Amino acid sequence: MAFLSSLDISGSALTAERYRMDVILQNISNANTAATPGEDPYRRKQVIFQERPLTFRDNLTAAQRNLTKSGGVRITEIVESDRDFKPVYDPTNPSANEDGYVMYPNVDLTEERVDLMAASNAYIANMTALSVIKATSMKALEIGK
Amino acid sequence: MFYDSKSFRALESGLSAAWLQQQTALQNLANLETPNYKAKSVVFEDTLNRALEENGNAPYSFTTRVVTDETTTMRPDGNNVDSDKEGLVLYKAYVQYSYLTQKINGSFSNFRYVLNNAMK
């Protein structure tokens, strides 16, 4: 039905942005998860967004890719950052390697905070859009009353 | 018949157009953070040309088409969605939709009046 698919568009965005916020929070909470001997420290995770096609033509070309729902956004994968880890000289730390360095995760707190703000702004934008589409749907139900 | 009338068809295609506009605005807002996403908008195809073909009469229905603006970029990641603009498109379409439903309800109550009073 037409209005339910509209709700799906906003719904997919809300889900995606919330998931993105979850991943950012995971990064922030693991910002100090240092390397244990023999293992790498935590790697920064990032989500990859992709458009879910809206128009019929887009749908036709995407039919092979098994995208049944139309419209909105989806997360295709989570990638781990390849950026260098941050070495801190701390020879007394039990996690230190043979040179006396402790490897800390490649998470930049400022970057995460900015990403978090972007995600929450996008979430709010979609919430507002959702309230407009809800009002429109109610108008559609009033036809003929 | 009542429902076949020109004005009714005009109202109907207006509703579909407003709805499609809302869909594209929603899609744009949903992809606010998608890299390389290009904003979509609704165009009213050949309305003027067809109106002229029909001896200058106003068109009573029109076809819509979704176009993608591939030419601009708002951000380094290639996305060109302007959230303020999309919010306004959404709201404008809502006002238009409300207006059209009111008009449709008005013509319904005209029919109802005729049906109820024809036999009196």
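Keep in mind it's a predicted model, so treat the numbers as computed, not measured. All values below were derived from every heavy atom in this structure, side-chain atoms included, with hydrogens, water molecules and symmetry-related copies excluded. Just so it is clear: chains get the letters A, B, ... in the order the sequence lines come, proteins before strands, and each one is counted from 1.
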> When you check the side-chain N and O atoms of B/Gln22 and A/Thr136, is any donor under 3.5 Å from an acceptor?
Replying inline: yes
>> Under a 3.5 Å threshold, yes or no: a donor from one side chain and an acceptor from the other, between A/Ser29 and A/Asn27?
In response: no
>> How about CZ on A/Arg83, more than 12 heavy atoms from neighbouring residues, nucleotides or ligands closer than 6.0 Å, or not?
In response: yes
> Given that the side chain runs from C-beta out, which part of B/Ser83 has a heavy atom under 4.5 Å from chain A: side chain, backbone, both or neither?
Replying inline: neither
> What part of B/Tyr94 gets closer than 4.5 Å to chain A, counting heavy atoms only: side chain, backbone, both or neither?
Replying inline: both
>> Regarding A/Asp8 and A/Arg52, does a basic nitrogen lie under 4.0 Å from an acidic carboxylate oxygen?
In response: no
>> Is B/Thr24 close to chain A through its backbone or its side chain, or both, or neither, when contacts mean heavy atoms under 4.5 Å?
In response: both
> So what's closer than 4.5 Å to chain A heavy atoms on B/Leu15: side chain, backbone, both or neither?
Replying inline: side chain
>> With chain A as the partner, which of B/Asn31, B/Ile104, B/Leu90 has the greatest number of non-hydrogen pairs under 4.5 Å?
In response: B/Asn31
> So which of A/Glu142, A/Glu17, A/Arg20 has the largest heavy-atom pair count under 4.5 angstrom toward chain B?
Replying inline: A/Arg20
>> Less than 4.5 Å to any heavy atom of chain A: does that hold for the side chain of B/Leu26, its backbone, both, or neither?
In response: both
> Given side chains that start at C-beta, do those of A/Tyr101 and A/Asp90 come closer than 4.5 Å, heavy atoms only?
Replying inline: no
> Distance only, no hydrogens: is a donor on one side chain within 3.5 Å (strictly under) of an acceptor on the other, for B/Thr73 and B/Lys38?
Replying inline: yes
> Which region of A/Ser10, side chain (C-beta onward) or backbone (N, CA, C, O), has a non-hydrogen atom less than 4.5 Å from a non-hydrogen atom of chain B, or is it both or neither?
Replying inline: side chain
